[in-house]
Amino acid sequence: MEIRTRFAPSPTGYMHIGNLRTALYEYLIAKSKGGKFILRIEDTDQGRMVLGSVDVIYKTLKTTGLKHDEGPDIGGDYGPYVQSQRMGIYMEYALKLVESGKAYYCFCTKERLESLKEKNDEGLEFSRYDRHCLSLSKDEIEENLKAGLPFVIRQKMPTEGKTTFNDMVYGDITVENSELDDQILIKSDGFPTYNFANVVDDHLMNITHVVRGSEYLSSTPKYNLLYDAFGWTAPEYVHLPPVMRDAQHKLSKRHGDKSFEDLIEDGYIPEAIINYIALLGWSPEDNQEIFTLDELTKSFKLSGLSKSPSIFDIKKLAWMNSEYFKNMDEEKFFTIAKDKLAASINNPLIDLKKVSELLKTRLETLNQIPELVDLFDELPEYENELYEHKKMKTNLENSLDSLVSCLPVLESLKSWDIASIHDAIMALIEEKGIKNGQMLWPIRTALSGKPSSPGGAFELAEILGKEETIKLIKKGIKKLN
RNA sequence: GGCCUGUUGGUCAAGCGGUUAAGACACGGCCCUUUCACGGCUGUAACGGGGGUUCGAUUCCCCCACAGGUCACCA
């Protein structure tokens with residue numbers, strides 16, 4: 001049987017990292033077995049709708065490569081793929097349940113429901129519906145309906161026995177039916193609840209594997225009872241542990257945690273983000289860490305999914321991001337770094353391509369570019385102490401000597417490329433009988449004005465150009481005098 | 001509070017009765033080296049606690065502790 005999974009986000013306006021990981025696993029579960037990955041928009045909570053947020057979802061799936069096979073934008077055989085466009089369906093199915101006695105009308109007011117609530121020791125409220133409306137006669141219901149009283153439809157839960165379901169990551173889970181509340185299927189605004197819409201849609205769309213966060217674990221028995229009530233076969237369940245900010249808190253946008261868009265904004269690349277979150281809760285059979293989406297698809301196995309929550313570690317993402325930069329070819333890296341580079345360097349004489357090559361192995365995020373390349377625009381202010389380097393065996397005196405003696409060599413150079421500069425300076429070093437560092441550290445310092453720079457003396461000199469290099473060496477000499 | 005679930009180094013994690021308890025990130029050291037970075041080598045660091053079962057438990061069972069989830073006309 002063909003595997004069909006669905007990503008069913010609510011349009012909230014941004015892509016939560018946890019949701020993205022869920023989408024990724026849904027994609028992988030389907031694609032690793034040649035199945036279909038479906039997008040369904042769950043907008044049954046009208047109060048939470050955010051305009052334009054569906055576009056965020058499309059855009060994210062596109063940039064991450066999680067290509068869906070069916071969805072609102074591309075259609076499919078099981079549409080419509082937006083819940084608000086499926087309204088008639090839910091009521092129709094709810095009524096079927098009412099007819100068969102598996103569900104019932106409830107006219108209870110908010111106030112009455114409120115009075116049913118109990119408080120625990122910490123003052124937290126919880127309640128259980130007392131089935132007040134279950135005993136309503138046909139006539140009473142008819143009368144209420146005719147009078148236009150607002151109503152909901154509730155599922156009638158069994159009061160005895162147990163329900164067991166199997167989860168592919170958590171195994172068998174059993175609960176007492178008496179724990180289950182008569183949950184609402186249709187709300188008084190006529191919209192279905194998430195729980196109900198899900199079951200109906202998943203069945204109608206032939207979803208074989210329901211993948212979602214572990215917070216749904218405890219309501220899954222209700223789902224299964226619903227499938228039973230309809231006489232449908234329940235899907236396979238794959239519940240996922242949460243992605244955490246720290247040991248006790250889930251990642252949350254509200255508490256300042258980054259969404260996918262935020263991470264992109266911060267200079268992380270989609271491939272690295274996907275790769276990183278794939279490994280947050282899943283591990284391959286070997287020790288591979290760097291994966292393309294295709295490679296993930298090939299390696300993915302449900303058995304590699306973890307049961308326990310994992311903390312999102314931005315440091316490891318940063319490392320992974322840098323791995324992607326290092327493994328990229330020069331051209332590709334340049335295309336993604338170009339804009340930031342151009343925005344950071346105003347000097348038109350600087351060859352951005354060459355700078356980009358230097359940066360490739362020294363970068364964790366794109367946003368580090370400005371601070372790394374500022375020296376190409378203008379020499380930062382620096383103290384003379386910078387010339388003193390123990391390991392290079394340099395001090396103020398020999399630094400000055402090195403700068404003075406390299407000046408004529410550089411000035412007389414005819415071709416200004418890294419090889420020529422290298423050969424000329426190395427010849428000078430040999431002639432003077434000094435250590436490489438004694439010459440190169442002062443030059444690098446004079447050219448960069450910083451304790452570290454993207455590239456050494458030769459690279460900097462080449463990129464800065466002959467004129468600027470000589471100017472900066474002279475400036476260094478002046479400072480040291 | 002009831003119910004459900006989880007607990008291997010600081011973090012991600014492998015492990016599925018017998019291992020010197022992998023690997024990666026981070027951190028420290030060394031090497032390479034014209035700085036930084038890259039690369040290479042290397043070090044510190046873990047099975048929540050208590051009972052069982054067993055010749056033998058990180059692995060199986062029970063209890064406890066801690067953490068999370070859930071108990072909505074939110075998803």
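The sequence lines fix the lettering, A, B, ..., with proteins before strands; numbering per chain opens at 1.
Comparing the P positions of rG18(B) and rG51(B) gives a spacing of 22 Å, expressed to the nearest Å. Distance check on atom P: rU8(B) versus rC3(B) gives 25 Å, rounded to whole Å. To the nearest whole angstrom, the two P atoms, one in rA26(B) and one in rC62(B), are 40 Å apart. When the C1' atom is compared between rU59(B) and rU53(B), the two are found 13 Å apart, to the nearest whole Å. Comparing the same atom, P, in rG2(B) and in rG17(B) gives a spacing of 34 Å after rounding to whole Å. If you take atom P in rC66(B) and the same atom in rA75(B), they sit 34 Å apart, rounded to whole Å. Look at the P atom in both rC30(B) and rG10(B): the space between them is 25 Å, to the nearest Å. Comparing rA65(B) with rG48(B), their C1' atoms sit 8 Å apart, to the nearest whole Å.
When the nucleotides rA26(B), rG39(B), rG23(B) are ranked by their closest atom to the side chain of Glu323(A), rG39(B) comes out on top. For Thr361(A), taking side-chain heavy atoms from C-beta onward, the closest of the listed nucleotides rC38(B), rU35(B), rC3(B) is rC38(B). With rA72(B), rA75(B), rU11(B) as the choices, the nucleotide that has an atom nearest any side-chain atom of Ile311(A) turns out to be rU11(B). Considering only side-chain atoms of Gln248(A), the nucleotide from rG68(B), rA24(B), rC36(B) that sits closest is rG68(B). When the nucleotides rC4(B), rA75(B), rU35(B) are ranked by their closest atom to the side chain of Val175(A), rC4(B) comes out on top. Distances were taken from every side-chain heavy atom of Lys315(A) (C-beta onward) to each of rC3(B), rU35(B), rC25(B); the shortest belongs to rC25(B). For Arg362(A), whose side chain is taken as the heavy atoms from C-beta onward, the closest listed nucleotide among rU34(B), rA75(B), rA37(B) is rA37(B). Side-chain proximity of Asp313(A) to the nucleotides rA14(B), rU34(B), rU11(B) is greatest for rU11(B). Checked against rU7(B), rA22(B), rC73(B), the side chain of Ser308(A) finds its nearest nucleotide in rU7(B).
The residue Asn287(A) sits close to a base: some heavy atom pair falls under 4.0 Å. Residue Gly455(A) is in base contact, counting any heavy-atom pair closer than 4.0 Å across all strands shown. Within the nucleic acid shown, Phe458(A) comes within 4.0 Å of at least one base atom, counting heavy atoms only. Nucleic acid contact for Ser448(A): none, since no nucleic acid atom lies under 4.0 Å from a heavy atom of the residue. In this structure, Leu358(A) reaches neither bases nor backbone, as no heavy-atom distance under 4.0 Å exists between it and the strands shown. Using a 4.0 Å heavy-atom distance criterion, Ala247(A) is classed as a sugar-phosphate-only contact. Across all strands, Met439(A) comes closer than 4.0 Å to no nucleic acid atom at all (heavy-atom distances). Within the nucleic acid shown, Tyr216(A) comes within 4.0 Å of at least one base atom, counting heavy atoms only.
Nucleotide rC3(B) holds its C1' atom 17 Å from the CD atom of Glu215(A), rounded to whole Å. In this structure, CD of Glu371(A) is placed 13 Å from C1' of rC36(B), rounded to the nearest angstrom. Separating the CD1 atom of Ile17(A) from the C1' atom of rC12(B) is a distance of 16 Å, rounded to the nearest angstrom. Here the C1' atom of nucleotide rC36(B) and the CD atom of Glu364(A) are 13 Å apart, to the nearest Å. If you measure from atom CG of Leu251(A) to atom P of rG69(B), you get 13 Å, rounded to the nearest angstrom. Counting to the nearest Å, the P atom of rC71(B) and the CG atom of Asp130(A) are 18 Å from each other. Between the CD atom of Gln368(A) and the P atom of rC38(B) there is a distance of 11 Å, rounded to whole Å. Rounded to whole Å, the distance from CZ on Phe165(A) to P on rC3(B) is 16 Å.
For the residue pair Tyr223(A)/Asn195(A), the side-chain donor-acceptor check at 3.5 Å is satisfied. With no hydrogens or angles considered, a side-chain donor-acceptor pair links Asp201(A) and Tyr90(A) at under 3.5 Å. Side-chain contact of Ser453(A) with Arg444(A): a donor-acceptor pair under 3.5 Å is present, judged by distance alone. In this model, a donor atom of one side chain and an acceptor atom of the other lie less than 3.5 Å apart for Tyr324(A) and Asn275(A).
Ring pair His203(A)/Tyr227(A) is perpendicular by interplanar angle, where above 60° counts as perpendicular and below 30° as parallel. Ring-plane geometry between Tyr14(A) and His16(A) is classed as tilted, the angle between the planes lying from 30 to 60 degrees on a 0 to 90 degree scale.
Salt bridge Arg128(A)/Asp182(A): absent, no basic N to carboxylate O contact under 4.0 Å.
Across all strands shown, rG1(B) forms a Watson-Crick or G-U wobble pair with rC71(B), both key distances being under 3.5 Å. Applying the Watson-Crick and G-U wobble criteria (two distances, each under 3.5 Å), rC41(B) pairs with rG29(B). Nucleotide rU7(B) forms a Watson-Crick or G-U wobble pair with rA65(B), both donor-acceptor distances falling under 3.5 Å. Pair assignment for rG56(B) gives none, since no Watson-Crick or G-U wobble pairing has each distance under 3.5 Å.
A heavy-atom distance below 4.5 Å is found between the side chains of Leu279(A) and Met320(A).
The phosphate of rU7(B) has neither OP1 nor OP2 within less than 4.0 Å of any side-chain N or O from Lys307(A). Distances shown here put a side-chain N or O of Ser283(A) below 4.0 Å from the OP1 or OP2 atom of rA14(B).
Of the two residues contacting RNA chain B, namely Lys391(A) and Pro454(A), the nearest-nucleotide position lying further toward the 5' end is that of Lys391(A). In terms of position along RNA chain B, the nucleotide closest to Ser310(A) lies nearer the 5' end than the nucleotide closest to the other residue of the pair Ser310(A) and Ser453(A).
Contact of Ser188(A) with rC73(B) (side chain to base): a donor-acceptor pair of N or O atoms is detected under 3.5 Å. Side-chain atoms of Lys316(A) come within donor-acceptor range of the base of rA24(B), with a qualifying N/O pair under 3.5 Å.
The shortest non-hydrogen separation linking Lys250(A) to Asp257(A) is O-OD2, 4.1 Å.
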